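What you see is a predicted model, and the numbers here were worked out from it, not measured in a lab.
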Amino acid sequence: MKPEAAKRYRLGLIGARGYVGSELIQRLATHPDIELAFVSSRGREGQRLSVFEPDAPADMRYENLTPEQALSRDVDVLVLALPNGLAGEWARAYADAHSRTVLIDLSADFRFDPDWYYGLPELNRRAWRGQNRISNPGCYATAMQLAIAPMRGALAGPVQCFGVSGYSGAGTTPSDKNNLELLKDNLMPYALTGHIHEREASDRMGCEVQFMPHVAPHFRGLSITANLTLSRDFSLDEAEGVYRDFYRDEPFVGIQKQAPWLHSVAGTPNARVGGFTLSADGRRLVLVSVLDNLLKGAASQALQNINIALNLEETTGLL
């Protein structure tokens, strides 16, 4: 329960032009306890928000705020939906002001910072102790961790993950990875070693994760196929049972026998894990993890974290 039953919390959004900002705005439009206070976008300054987001407040316009200007606004939550490398000045401004505002960063800037709570609720919810600085996990890193975590104690070597994402994961700034002419009838590999989500998953899981990402010509949704070498032999029922037990009470993670398809999660806050396959000796497990990169990989996961930080039901505005 929130402290005041009648209170509506106010949220500011910095970097509202991108896909993830748009998804968050759409979900806030139906959230019973949080209202959008302002949106900041340098590229759309002065334009009506409702031109781009039909469900947004009709009179709201995009602003171009500095951290100091945003500090003067009365908000309970500030979401930073900025490219990597740009969140630091905002974090410093709010730290200097000793603000009680919940600051949630959707970039990779603070995912390795021990002073920030790493917000993957299904794996890290118990580590939240009222922190108001939250780093939202990466999309691929979320899918990989959901695939690895239940078997983490039984690993006997590095985990290999083959990933395919829709081109929305490349953002709105033009590049080869969101160029539809280049992507047509194509599968584009990139950053085959050293991807930041490889580092992130390895750091959080405490094991080596070897990640090979690719971009496909669909818009949203990502899939990873994980190859786990195990320290002992498992039966298929036992391996599947480990995952079902681990995620038994999680509303946004589904376990299934068949390999999940992207269309089963596209446009939803859900992740699905399945397709459990064992080698003949029972010591190699292959499975598939899918989620919507814009939602469970970003906006809806951020809303889970915001709900937790405001002492709301975690599923509010998402079911």
Side-chain angles (χ1 to χ4, degrees), residues 11-29 36 38-57 60-66 70 78-90 104-111 135-143 163-184 186-191 195-197 200 213-223 262 265-269 291-303:
L11 180 147
L13 175 59
I14 308 298
R17 175 179 172 273
Y19 295 131
V20 174
S22 177
E23 294 287 348
L24 187 58
I25 290 168
Q26 291 175 50
R27 273 136 197 88
L28 289 173
L36 192 62
F38 63 80
V39 292
S40 180
S41 169
R42 183 175 57 184
R44 291 179 179 170
E45 182 179 5
Q47 298 183 65
R48 285 191 181 277
L49 188 60
S50 57
V51 172
F52 303 93
E53 307 293 346
D55 295 328
M60 186 172 288
R61 293 180 182 270
Y62 292 94
E63 303 178 72
N64 183 17
L65 300 175
T66 66
L78 186 71
V79 177
L80 304 179
L82 297 166
N84 291 343
L86 299 182
E89 64 174 324
W90 293 87
I104 181 163
D105 179 33
L106 304 190
S107 78
D109 290 4
F110 296 102
R111 291 177 191 157
S135 178
N136 216 54
C139 54
Y140 267 131
T142 295
V164 178
S165 175
Y167 63 86
S168 60
T172 56
T173 302
S175 71
D176 286 354
K177 295 197 292 292
N178 55 25
N179 184 323
L180 292 183
E181 290 299 316
L182 293 178
L183 287 173
K184 183 180 179 181
N186 196 15
L187 187 65
M188 184 182 295
Y190 71 100
H195 191 288
I196 192 163
H197 290 182
E200 182 180 343
H214 298 69
V215 179
H218 64 275
F219 176 68
R220 65 193 307 153
L222 66 80
S223 174
L262 289 180
V265 294
T268 81
L291 52 79
D292 188 317
N293 56 297
L294 300 178
L295 291 175
K296 182 56 180 166
S300 69
Q301 184 142 266
L303 197 48

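A heavy-atom distance below 4.5 Å is not found between the side chains of Lys296 and Val265. The side-chain heavy atoms of Ser107 and Leu82, taken from C-beta on, include no pair separated by under 4.5 Å. Side-chain contact between Leu49 and Ile25: present, with at least one pair of heavy atoms (C-beta onward) separated by less than 4.5 Å. In this structure, the side chains of Gln47 and Phe52 come closer than 4.5 Å at one or more pairs of heavy atoms. Thr172 places none of its side-chain heavy atoms less than 4.5 Å from the side chain of Asn178.
Between Leu303 and Leu28, the closest heavy-atom pair is CD1-CD2, 4.3 Å. Considering all non-hydrogen atoms of both residues, Leu295 and Gly267 come closest at CD1-C, 3.4 Å. Heavy atoms only, all atoms of each residue included: His195 and His197 are closest at ND1-N, 2.9 Å. Scanning both residues, Ala216 and Val164, for their nearest heavy atoms gives CB-CG1, 3.6 Å. Across all non-hydrogen atoms, the minimal contact from Asn136 to Arg111 is O-NE, 2.8 Å. Heavy atoms only, all atoms of each residue included: Leu262 and Gly221 are closest at CD2-C, 3.8 Å.
We find the CZ-OG distance between Arg27 and Ser22 to be 8.5 Å, quoted to the nearest 0.5 Å. Here CH2 of Trp90 is found 3.5 Å from CD1 of Ile14. Values are rounded to the nearest 0.5 Å. How far CG of Leu222 is from CG of Leu294: 9.5 Å, rounded to the nearest 0.5 Å. The distance from atom NE2 of His218 to atom OG of Ser165, rounded to the nearest 0.5 Å, is 6.0 Å. Summarising the geometry, atom CG belonging to Asp176 is positioned 5.5 Å from atom CE belonging to Met188; distances are rounded to the nearest 0.5 Å. Leu86 contributes atom CG, which lies 8.5 Å from atom CG of Asn84 (distance to the nearest 0.5 angstrom).
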Test side chain to side chain contact (heavy atoms under 4.5 Å, CB included) applied to Leu13 and Tyr62, step by step: CA-CA 10 Å; Leu13 175 59; Tyr62 292 94; over 6 Å; no
Could you go through Gln301 and Cys139, starting from their C-alpha distance and side-chain angles, then the distance that decides it, and tell me whether this counts as side chain to side chain contact (heavy atoms under 4.5 Å, CB included)? CA-CA 10 Å; Gln301 184 142 266; Cys139 54; over 6 Å; no
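Screening Asn179, Val215, Leu182 for a side-chain contact (heavy atoms from CB on, under 4.5 Å) with Tyr167, the sole residue that qualifies is Val215.
With Asp109 contributing its side chain and Ala87 its backbone, the two residues share a donor-acceptor pair below 3.5 Å.
No donor-acceptor contact under 3.5 angstrom links the side chains of Glu23 and Ser300, judged on distance only.
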